[in-house]
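Down below is the structure, laid out as structure tokens.
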2 protein chains.
Amino acid sequence: MNKEFHLQSVLVIDDDIELTDMLSTYLSGMGYSVNVKNDGEAGLSEAISGHHYDLILLDVMMPKMDGFDVLQKLRASHTTPVLMLTARGDDYDRILGLELGADDYLPKPFNHRELVARIKAIVRRYTLSAGGGGTEQDLLINDIFLSPSSQQVKVSDIALELTTTEFMVLRLLMLNAAQRVTKEQISLKVLGKPLQAFDRSIDMHVSNLRKKISAVAPGDKIKTLRGVGYMLLPE
Amino acid sequence: MNKEFHLQSVLVIDDDIELTDMLSTYLSGMGYSVNVKNDGEAGLSEAISGHHYDLILLDVMMPKMDGFDVLQKLRASHTTPVLMLTARGDDYDRILGLELGADDYLPKPFNHRELVARIKAIVRRYTLSAGGGGTEQDLLINDIFLSPSSQQVKVSDIALELTTTEFMVLRLLMLNAAQRVTKEQISLKVLGKPLQAFDRSIDMHVSNLRKKISAVAPGDKIKTLRGVGYMLLPE
DNA sequence: ATCGCCTTTACACAAGCTTTACAGTTTGCT
DNA sequence: AGCAAACTGTAAAGCTTGTGTAAAGGCGAT
């Protein structure tokens, strides 16, 4: 999966207030700074304003200026990754958008998982081609060594095979070592969606992490905070 | 789980009289003030009437105005958490509802436990995003050190193993050190429900707290205010 | 179609919250 | 003082809920 999911700043251009509210909530919850414009004209001027955006979510059908126009004009000067959103499901839109330089295309209605998956895919592609800068710091806590730049984890100097999600959960726990991390936080930051009732997926990822870690080093390095979440033990 | 937020007021919008009666009885029993409207129009006007609601339970299929319409119009001005109820189980409804800004979706028929779980999940999410995290300060009173970020308590520099509830009781007492804290307050803020007659659970939590603290440091740091509640001694 | 992996389901288990029970204590009343 | 009623402390039982994890299911990627 992606080597590095480290979005800082996202611009959302869509006239659907409900949708932009939702996107804003979720993306903010994932730790990103989100800016919203509700028509094409305002969106374009913000996009080329000088403020740097790592990703633009762009609706096709909008008042004043549609998404294709925005994209075309934007591409005259910027290479910012763009994910197009549209209510129509036909291929023509898709092809037109991609020809104009969109990075991907997402038909409405879409669910969070799909949105997150596509955002991740774009960011991965972009950061890899842009030389994939490893600005992330390596971490070493309680005999666990984690290197974001190479997506590698070593415990007691033995390499572990982690999935991307497991890696991100571990990284979040290590970044907050000796501090409680709630399941809500993990769900938002790692999976990009709020924790739902009866959702056990975080438990599973932690369980799998523990299994892989304890296969190499004895003792549980992850403490359960019942009814709250988890905590990485510092020692 | 965040128990520091107590639902006060719930609005139920559903044309199924039997169901609303049941919900009303049940939620009232949990200590919430419940208001019921039996069609979408009445529901919407109540929701935006100025009376504050902490949560709205909203049926999809209703006369006059369906749940999606209500939700859409509500979202123009309000961010009140909404839990959608519907007889249909298909994903499209769910996605549409979530896009319009619903917080969750509950297919009928549902049982009490599921309803309560989903309400809790929403409340948890809501209070978390409403700045529950960063403002919690470490406290040091009468040789008791309490750190919310790590959910850790040390007495005379020796770590205690407290449950989350015990931790929250102690924190509440420390926040109000040298001031009386009634059992009613403790029940509301820590357990999230009003104190019932013959309810001894607060006494038990305090008793367990005392036991754990005095195992490490002699002398009772918690004073009993007979007929009122408890107080943490400052010295 | 196949693979990998995320999510859901199911169930046993454990943690810990609440209730029960009873002894001890305080308060209020005569 | 004497007594009853109300309140509190706490051990132990009971019960609810959260958690660990295997296994099945689902879904995007290839």
Side-chain angles (χ1 to χ4, degrees), chain A residues 1-2 104-107 110-122 124-125 151 161-169 182-184 186-187 190-215 220 222-231, chain B residues 1-3 91 111-114 116-121 124 151 161-169 182-184 186-187 190-215 220 222-231:
Chain A
M1 259 300 219
N2 68 317
D104 203 351
Y105 163 98
L106 188 56
F110 51 83
N111 58 43
H112 301 141
R113 203 178 153 186
E114 197 164 0
L115 175 67
V116 171
R118 286 179 196 266
I119 289 178
K120 282 184 183 175
I122 290 175
R124 176 181 61 222
R125 219 179 298 153
Q151 178 148 2
E161 289 278 332
L162 301 187
T163 69
T164 304
T165 302
E166 286 159 8
F167 182 86
M168 291 195 296
V169 170
T182 66
K183 292 192 191 186
E184 288 76 25
I186 299 175
S187 186
V190 174
L191 307 176
K193 66 178 186 189
L195 187 68
Q196 304 277 334
F198 306 117
D199 191 339
R200 306 295 313 283
S201 60
I202 298 299
D203 305 64
M204 281 312 305
H205 292 302
V206 172
S207 173
N208 293 331
L209 254 180
R210 278 173 164 154
K211 202 192 299 175
K212 289 180 181 179
I213 291 173
S214 64
D220 198 351
I222 300 173
K223 180 184 167 93
T224 300
L225 302 175
R226 181 171 248 265
V228 176
Y230 299 94
M231 188 175 89
Chain B
M1 184 189 316
N2 190 328
K3 298 182 182 175
D91 269 359
N111 57 41
H112 292 168
R113 208 185 146 186
E114 192 162 6
V116 170
R118 287 184 193 268
I119 289 178
K120 278 188 187 171
R124 181 176 56 214
Q151 192 156 341
E161 287 280 332
L162 301 188
T163 69
T164 302
T165 301
E166 286 159 7
F167 182 88
M168 291 197 295
V169 171
T182 67
K183 292 191 191 184
E184 180 71 26
I186 299 175
S187 186
V190 174
L191 306 177
K193 67 181 186 190
L195 188 68
Q196 315 253 340
F198 306 115
D199 190 339
R200 307 296 313 283
S201 60
I202 299 299
D203 305 65
M204 281 312 305
H205 291 303
V206 172
S207 172
N208 293 330
L209 252 180
R210 278 173 166 155
K211 200 193 302 177
K212 289 181 181 179
I213 291 174
S214 64
D220 198 352
I222 300 173
K223 181 184 166 89
T224 300
L225 303 174
R226 193 183 174 79
V228 178
Y230 298 94
M231 185 176 91

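Protein chains get the first letters and strands the later ones, always in sequence-line order, with residue 1 at the start of each.
- When the side-chain nitrogen and oxygen atoms of Arg210(B) are compared with OP1 and OP2 of dG9(D), one or more of them lie within a distance under 4.0 Å.
- In this structure, the CZ atom of Arg200(B) is 16 Å from the P atom of dA12(D), given to the nearest Å.
- Counting to the nearest Å, the P atom of dC5(C) and the CG atom of Asn208(A) are 11 Å from each other.
- You'll find that the side chain of Arg226(A) is closest to dG16(C), out of dG16(C), dT18(C), dT27(C).
- Taking atom CD1 of residue Ile186(A) and atom P of nucleotide dT7(C), one finds them 13 Å apart after rounding to whole Å.
- Residue Thr224(B) places no side-chain N or O under 4.0 Å from the OP1 or OP2 atom of dT8(D).
- OP1 or OP2 of dT18(C) lies within a sub-4.0 Å distance of a side-chain N or O belonging to His205(B).
- Considering all non-hydrogen atoms of both residues, Glu166(B) and Leu209(B) come closest at O-CD1, 3.8 Å.
- Whole-Å rounding puts the Met204(A) CE to dG20(D) P distance at 10 Å.
- Residue Ser201(A) is in base contact, counting any heavy-atom pair closer than 4.0 Å across all strands shown.
- The phosphate of dC7(D) has neither OP1 nor OP2 within less than 4.0 Å of any side-chain N or O from Tyr230(B).
- Residue whose closest nucleotide on DNA chain D sits further toward the 5' end, between Lys211(B) and Lys183(B): Lys183(B).
- Distance, Asp203(B) CG to dA12(D) P: 18 Å, rounded to whole Å.
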Lys193(A) and Asp199(A): CA distance, side-chain angles, deciding distance, side-chain contact (heavy atoms from CB on, under 4.5 Å) verdict:
CA-CA 11 Å; Lys193(A) 66 178 186 189; Asp199(A) 191 339; 3.8 Å; yes
Between Tyr230(A) and Leu225(A), does the side-chain contact (heavy atoms from CB on, under 4.5 Å) criterion hold? Intermediate values first, please.
CA-CA 5 Å; Tyr230(A) 299 94; Leu225(A) 302 175; over 6 Å; no
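- For the pair Ser207(B) and dT10(D), the criterion of a side-chain N or O lying under 4.0 Å from OP1 or OP2 is met.
- Atom pair Leu195(B):CG and dT8(D):P shows a separation of 10 Å (rounding to whole Å applied).
- Computed from coordinates, the Gln196(A) CD to dT9(C) P distance equals 13 Å when rounded to whole Å.
- The two atoms that bring Val169(B) and His205(B) nearest to each other are CG2-CB, 4.4 Å, heavy atoms only.
- Counting heavy atoms from C-beta on, the side chains of Leu191(B) and Ile202(B) come closer than 4.5 Å.
- One can place CD of Glu166(B) at 14 Å from C1' of dT10(D), the figure rounded to the nearest angstrom.
- For Lys193(B), a side-chain nitrogen or oxygen approaches OP1 or OP2 of dT18(C) to under 4.0 Å.
- Nucleic acid contact class of Asp199(B) (heavy atoms, under 4.0 Å, all strands): sugar-phosphate only.
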